[in-house]
2 protein chains.
Amino acid sequence: MTSDEEPPTAAKRSDRTKATILSAARRRFAADGYERTTIRAVAADAAIDPSMVMRYFGSKERLFDAALTIDLRLPDLGAVAPQDLARTLLRHFLDRWESDPADDALLVLLRSAVTNERAALRMHEIFATQVAPALGAALGPQAAAVAPVLTTQLLGLALTRYLVRLPAVTALTPEQLVDALLPAVQATVRSAGSRPPGPTTL
Amino acid sequence: MTSDEEPPTAAKRSDRTKATILSAARRRFAADGYERTTIRAVAADAAIDPSMVMRYFGSKERLFDAALTIDLRLPDLGAVAPQDLARTLLRHFLDRWESDPADDALLVLLRSAVTNERAALRMHEIFATQVAPALGAALGPQAAAVAPVLTTQLLGLALTRYLVRLPAVTALTPEQLVDALLPAVQATVRSAGSRPPGPTTL
DNA sequence: CTTGAGTGTCAACAGTTGTTGGCCTACATT
DNA sequence: AATGTAGGCCAACAACTGTTGACACTCAAG
């Protein structure tokens, strides 16, 4: 076999441009959402012809799918002491988002999920496959009751700080945000234990 | 002067159609957001020609402005006992949203604010003129520290339940939601008193 | 040198969008 | 009956969208 493998160095020129397109697409989707992002704009950012975007990704929808491979990279919450859980979660997400808000896949997805059904379904999927299991490992059977509330709180933070950019929220430093939100998140985590399965559940 | 006043009954035919357009616009903006809402679709819903929408409102942007006269109708929170504040807030917004999610101006605005700069600015304005003062009346000078967190929590709820429609959140009844969120919101309200003005404020 | 695939550009399509201007009709006032 | 105006419709515009097909360049293999 002397004939088939690809050039060892410079791993194919096309892969590089494909990656360039993908990163431009992520930035555009993050900044503008699905509907306002145009293939022409993505192509221009990637300094390439719009038709190449089509050739590499087939359609705008498939480009969107490709741009949104989401891995929350949640740590093993089973190894975290319950009293540290709230702080760990807040820090984890804030760290991610602060490092590069315009390129974080979760923020990209969230912005589009508000007006795009496809993106919303993707969000549901991530909750079911990543958030719920991770919290289950930390909180056991009580997690089901708490997970939606925690999601509400964390996505609420993402919404007000990175999407709507409320001045009152963007004015705070990440450390101040952790301090400000900690009581609420901690109360939520604690409510898991204190509330027996069904008090007023009809 | 016997000549000028308008017909007393049936207060002008044009007012009625203008109102019809406005209500159709609200529904469309709520369902689709600013970008995906088309004037043609609004006109079709109102059973009228698209050009009439332009004649009455001038442009899509001005139609959007007209559709979004937001009054949160917040009760006088100064009259609410501090320990009831959390529950009052939760109930107030849940009641509003549940009664007609597809026509609530705040949800309409929120959906668009995520991708539309103009709508986002409108949101900032509402926070400054309605939310902040109302909370100020209830919490005094501490309100400034708490208001952003409360906003995060309430908008987080709106986001997950009405915009992204996470199954884990839509599955709950309003009463269950109040119960689930209460510990967190209460902890936030309480944190207003316990945290002196500036511990780590550099 | 010739080939032929890989990589890219250009120009155009068909559909949709916000927006505009001309025309028609009903009807209260003269 | 004549008429002016408010309310409405129709057809078209220019711009922009996702998408497609034909053509040009590069460069290693034969």
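Within every chain, numbering begins at 1; the chains are lettered A, B, ... in the order of the sequence lines, protein sequences first and strands thereafter.
- One can place CD of B:Glu61 at 15 Å from C1' of C:dT17, the figure rounded to the nearest angstrom.
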Using the 3.5 Å cut-off, write out each protein N or O paired with an N or O of nucleotides 5-9 of chain D and the distance between them.
residue, atom, partner, partner atom, Å
D:dG7, OP1, B:Ser14, OG, 3.1
D:dG7, O3', B:Arg13, NH2, 3.3
D:dG8, OP2, B:Thr17, OG1, 3.3
D:dG8, OP2, B:Tyr56, OH, 3.1
D:dG8, N7, B:Arg55, NH2, 3.1
D:dG8, O6, B:Arg55, NH2, 2.7
D:dC9, OP2, B:Asp49, N, 2.9

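- Rounded to whole Å, atom C1' of D:dG18 lies 16 Å from atom CZ of A:Phe64.
- Partner of B:Asp45 under the salt bridge (charged side-chain N to carboxylate O under 4.0 Å, His left out) criterion, out of B:Arg40, B:Arg26, B:Arg28: B:Arg28 alone.
- Atom-to-atom, CZ of B:Arg36 to C1' of C:dT16 comes out at 14 Å; the value is rounded to the nearest Å.
- The residue among A:Arg40 and A:Pro50 whose nearest nucleotide of DNA chain C lies closer to the 5′ end is A:Pro50.
- For the pair B:Val114 and A:Thr115, the minimum side-chain heavy-atom distance is 4.5 Å or more.
- Side-chain atoms of B:Met123 and B:Leu109, non-hydrogen and from C-beta on, do get closer than 4.5 Å to each other.
- Atom CE of B:Met54 is separated from atom C1' of D:dA12 by 15 Å (rounded to the nearest Å).
- A straight line from CD of B:Glu35 to P of C:dT16 spans 19 Å, rounded to a whole angstrom.
- Atom CD of residue A:Gln186 and atom CD of residue A:Gln83 lie 9.0 Å apart, to the nearest 0.5 angstrom.
- At whole-Å resolution of the value, CG in B:Asp32 and C1' in C:dT16 are 15 Å apart.
- With hydrogens and angles left out, the side-chain atoms of B:Ser23 and B:Arg27 include a donor and acceptor closer than 3.5 Å.
- Taking atom NZ of residue A:Lys60 and atom P of nucleotide C:dT16, one finds them 15 Å apart after rounding to whole Å.
- Side-chain polar atoms of B:Tyr34 and A:Glu35 form no donor-acceptor pair below 3.5 angstrom.
- When rounded to the nearest whole Å, the span between CZ of A:Phe57 and C1' of D:dT19 equals 16 Å.
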